[in-house]
Novice: 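Take a look at this one; I'll ask things after.
Proteins come first, then strands; the chains are lettered A, B, ... in the order of their sequence lines, and each starts at number 1. Here the structure is a predicted model, which means the values were calculated and not measured.
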Amino acid sequence: MEPREITLAPVGEGFLFNLNRKKVAGFTDNLNALLILRRIKMSEKENYEESKLFRLRHSAAHVMAQAVLEKFPEGKVAIGPPIEDGFYYDFDLPRPLTPEDLDEIEVRMREIIKNNSEFVREEVSAEEAREIFEDQPYKLELIEGLEAGEVDEHGDPVDEKPVITIYKSDEFVDLCRGPHLENTGKIHPKAVKLMNVAGAYWRGDEHNPMLQRIYGTAWLSPKDLKQYLWRLEEAKKRDHRKLGRELDLYSVSDEVGSGLVLWHPNGAMIRFLAERFWEDEHLNHGYDFVYTPHIGKAQLWKTSGHLDFYAENMYAPIEIEDQQYYLKPMNCPFHIEIYKSDIRSYRDLPMRYAEKGTVYRYERSGVMHGLMRVRGFTQDDAHHFCTPRQMPEEIDFVLDFSLNILRSFGFNEIEAYLSTRPEKAVGEPERWRDAEAALEASLKRAELPYEVDEGGGAFYGPKIDLKIKDALGREWQLSTIQFDFNNPERFDMTYIEEDGQPYRPYMVHRALMGSVERFFGILIEHYGGAFPVWLSPVQAVIIPIADRHVEYAENVAAELRSADIRIEVDDRSDRMNAKIRDAEKQKIPFMLVVGDREMAENAVDIRRRSGERLGAMAVDMFKDLVLQEVADKAAG
RNA sequence: GCCGAUGUAGCUCAAAGGUAGAGCAAUCGCCUUGUAAGUGAUAGGUUAUGGGUUCGAUUCCCAUCAUCGGCUCCA
């Protein structure tokens, strides 16, 4: 396999450039890019690998492989590791697998489990291993790697030449490091389930053959399995694509194009509210807003380096009067041009340009996913420019600012990753050192749990990434605070110091939500569609019991609307129960029932979407309640 | 882009080599309702698009597009 040839010479401006750490690591270590340095927290990973669950899943993978090979004797096996929540095994088979095949394989697995046969570990020489796996080309390739002392059977790098081991169980032998359970009988036959089949490249490299991967899940007890399946169901209910339709938040139209989001009124209201908050916070914290165009001339993208290193993600140029213009994949060059439109003094710094800039990136057709992965999206982008003296304080500021905003959206579990200088990097080493020190000091001051990813930074600068945990405990990377030592050089940015001489400013890119679209998708799933009151497109619906109450309902609505409460009257002639049901399904925070009693007392009877009954309440009191929850950004 | 699956009414799904049906939603009535579905009627579809096979295709075949599950890539 060819190592990826990636030139780490000064390439374009950093921020969202495609050169990720995997590739860089793959390059520098001259190993394939597979599975190196995955961002699993080391402690968690070690705990998992020593757990019974890990051995169980590893063992289940072997049992599955045996069942598959019995069905397809000519099949070739690749690798089959445990993964989060389960395991997989990759096969090269004569035909595509069907769901029925999976059922059969699962049935056969249970039989093998019942054989209760021991997992026997054996150390073998490379020659012996080659003999055992003579019909298994993938295994032979792995043996070669082991022999050369480069990678183990999972493609992970190894420090020294490892001992080659095989594991036998029942009728199956596998090249495997282990460990396993004592015997197949330790797997609970009712706590294993095959989930689905998917394609996967051999060793994760798209130039290699496509294999068939069977995903399975395995647990210590059927109860655990059941709970896992329940969790999957819950996640499905929260799927932003499903909720996006049900709550009429957004759509994607074939007519418009894949990966291009249409924000419906409900979704647009949520976006508007989120952005209004974002804007207020920025204005209150020393940011200046800028607006920049959607296209720019080729030369700009040449200077920035995009045309050399990001072209494959950019749309084809538009030609106007013999000039080529490109749709922007990033905002930074425009912000830099604004900076450069005048001579800047140290007295002007720090400068903070913020823009919700809509960018377009070509994404390969198979990767689009709801709001999470699209071709046109808006970054809540900002660029900070400051002097070296100001830099530590500026980092402190931007980290605090970021955390404050994330917490306002209900993300209270936040972790940070600090990525430091890779081997090949641009920028003076002192600048790197100072920047890294500032980032780390800020993390400590913010008392944020963080991990250091040594050498994991991009070539153009160190960075902090912030990850949040959503209501289901899933992690999402949202924010990034990213130094850029590259673009100031490329664009020859300067400021004038006290001594009258030009100096190079520090430049920091940062995005808090990242992509507004993706952030919205995460918000939908985090709240399961039940947005907090301050973000709900409709905060309350008034439900008149009979037609004679509609007029009163309208009066109440008008009064609440004048207090900026988003409220509707459900004046359909349906029964109250039906209206409540509809409001519940729309996840409207408050339902205000009005009938004869309420009319008589100038009151409303309040029900929360949780089902909680707050009882009859004066209209003014309800107004205060809602406004208070809006001000608190309370969930609920 | 790659592997596999899928594409039928606004939504969720049936059916079938002889031009398709249900529930919900919608529309129009009746009912005037007290905390998650009152009731009747009506309307709604070139079965994703383009080719091919066939007396006949929406059904079988091919291509394209899109979606879904993954891989690769990524905000």
Novice: Under 3.5 Å, is there any donor-acceptor pair linking the side chain of E598(A) to the base of G34(B)?
Specialist: yes

Novice: Less than 4.0 angstrom between a side-chain N/O of H369(A) and OP1 or OP2 of G69(B), yes or no?
Specialist: yes

Novice: Hey, does the side-chain of R607(A) have a donor or acceptor N/O within less than 3.5 Å of a partner on the base of A36(B)?
Specialist: yes

Novice: Which nucleotide, G4(B), U35(B), A37(B), lies nearest any side-chain atom of R581(A)?
Specialist: A37(B)

Novice: Can you find a donor-acceptor pair, distance only, under 3.5 Å between S573(A) side chain and C31(B) base?
Specialist: yes

Novice: Given the structure, check if the side chain of E584(A) and the base of A37(B) hold any donor-acceptor pair shorter than 3.5 Å.
Specialist: no

Novice: Quote, to the nearest angstrom, the C1' distance that separates A15(B) from U72(B).
Specialist: 39 Å

Novice: List the atom pairs, with distances to 0.1 Å, where a side-chain N or O of residues 593-600 of chain A and a protein N or O form a donor-acceptor pair under 3.5 Å, not counting sequence neighbours.
Specialist:
residue	atom	partner	partner atom	Å
D596(A)	OD1	R548(A)	NE	3.1
D596(A)	OD1	H549(A)	NE2	2.6
D596(A)	OD2	R548(A)	NH2	2.9
E598(A)	OE1	G595(A)	N	2.8

Novice: Any salt bridge (Lys or Arg N to Asp or Glu O under 4.0 Å) pairs touching residues 244-259 of chain A, not counting sequence neighbours?
Specialist: K242(A)-E246(A)

Novice: Once you round to the nearest 0.5 Å, how far does CE of M591(A) lie from CZ of R608(A)?
Specialist: 10.5 Å

Novice: Filter on salt bridge (Lys or Arg N to Asp or Glu O under 4.0 Å), then keep only pairs touching residues 83-92 of chain A, sequence neighbours left out; what's left?
Specialist: D85(A)-R231(A), D90(A)-R213(A)

Novice: If you only use heavy atoms from C-beta on, which nucleotide in U33(B), C71(B), U35(B) is closest to the side chain of R548(A)?
Specialist: U33(B)

Novice: Using the side chain to side chain donor-acceptor pair (under 3.5 Å) criterion, which residues pair with R352(A)? Sequence neighbours excluded.
Specialist: E394(A)

Novice: At less than 4.0 Å, is any side-chain N or O atom of R575(A) found next to OP1 or OP2 of G38(B)? Yes or no.
Specialist: yes

Novice: How would you label the contact of A198(A) with the nucleic acid (heavy atoms, under 4.0 Å): base, sugar-phosphate, or nothing?
Specialist: base

Novice: For nucleotides U49(B) and U58(B), find the distance between their P atoms and express it as a whole number of Å.
Specialist: 10 Å

Novice: Can you list, in residue-number order, the parts of residues 244-254 of chain A that come under 4.0 Å of RNA chain B, counting heavy atoms only?
Specialist: R245(A), D254(A)

Novice: Please enumerate all residues that pass side chain to side chain donor-acceptor pair (under 3.5 Å) together with Q539(A), with sequence neighbours excluded.
Specialist: none

Novice: Check whether any side-chain N or O of Y215(A) sits under 4.0 Å from OP1 or OP2 of C71(B), and answer yes or no.
Specialist: yes

Novice: Could you tell me whether the phosphate oxygens of U67(B), OP1 or OP2, come under 4.0 Å of any side-chain nitrogen or oxygen in S258(A)?
Specialist: yes

Novice: Quiz question: going by heavy-atom distance under 3.5 Å, is there a donor-acceptor pair between the base of A75(B) and the side chain of R518(A)?
Specialist: no

Novice: How is the base pairing of RNA chain B summarised as a dot-bracket string, given the Watson-Crick and G-U wobble criteria with both distances under 3.5 Å, [ ] for crossing and | for another strand?
Specialist: (((((((..((((....[..)))).(((((.......))))).....(((((..]....))))))))))))....

Novice: May I ask you to verify whether the side chain of N577(A) and the base of U35(B) hold a donor-acceptor pair under 3.5 Å?
Specialist: no

Novice: Is there any ring-ring contact (aromatic ring centres under 6.0 Å, His included) pair reaching into residues 577-606 of chain A, and which pairs are they, with sequence neighbours excluded?
Specialist: F590(A)-F622(A)

Novice: Rounding to the closest angstrom, what is the interatomic distance between U32(B) and U19(B) at atom C1'?
Specialist: 45 Å

Novice: Tell me, please, which residues at least two apart from R375(A) pass side chain to side chain donor-acceptor pair (under 3.5 Å).
Specialist: none

Novice: Please enumerate all residues that pass ring-ring contact (aromatic ring centres under 6.0 Å, His included) together with F401(A), with sequence neighbours excluded.
Specialist: H282(A), H285(A), Y287(A), F397(A)

Novice: Taking side chain to side chain contact (heavy atoms under 4.5 Å, CB included) as the definition, give me every residue that meets it alongside H526(A), ordered by chain and number, with sequence neighbours left out.
Specialist: F411(A), D470(A), A471(A)

Novice: Does F377(A) lie flat on the base of A75(B), that is, centres under 5.5 Å apart and planes under 30° off?
Specialist: yes

Novice: With respect to Y138(A), which candidate in W202(A), Y89(A), F91(A) satisfies the ring pair (Phe, Tyr, Trp, His ring centres under 6.0 Å) definition?
Specialist: W202(A)

Novice: To the nearest 0.5 Å, tell me how far T378(A) OG1 sits from E275(A) CD.
Specialist: 7.0 Å

Novice: Between U72(B) and R364(A), counting only base atoms on the nucleotide and side-chain atoms on the residue, is there a donor-acceptor pair under 3.5 Å?
Specialist: yes

Novice: One character per nucleotide, please: for nucleotides 39-46 of chain B, 5' to 3', B when the base has a protein heavy atom closer than 4.0 Å, S when only the sugar-phosphate does, - otherwise.
Specialist: --------

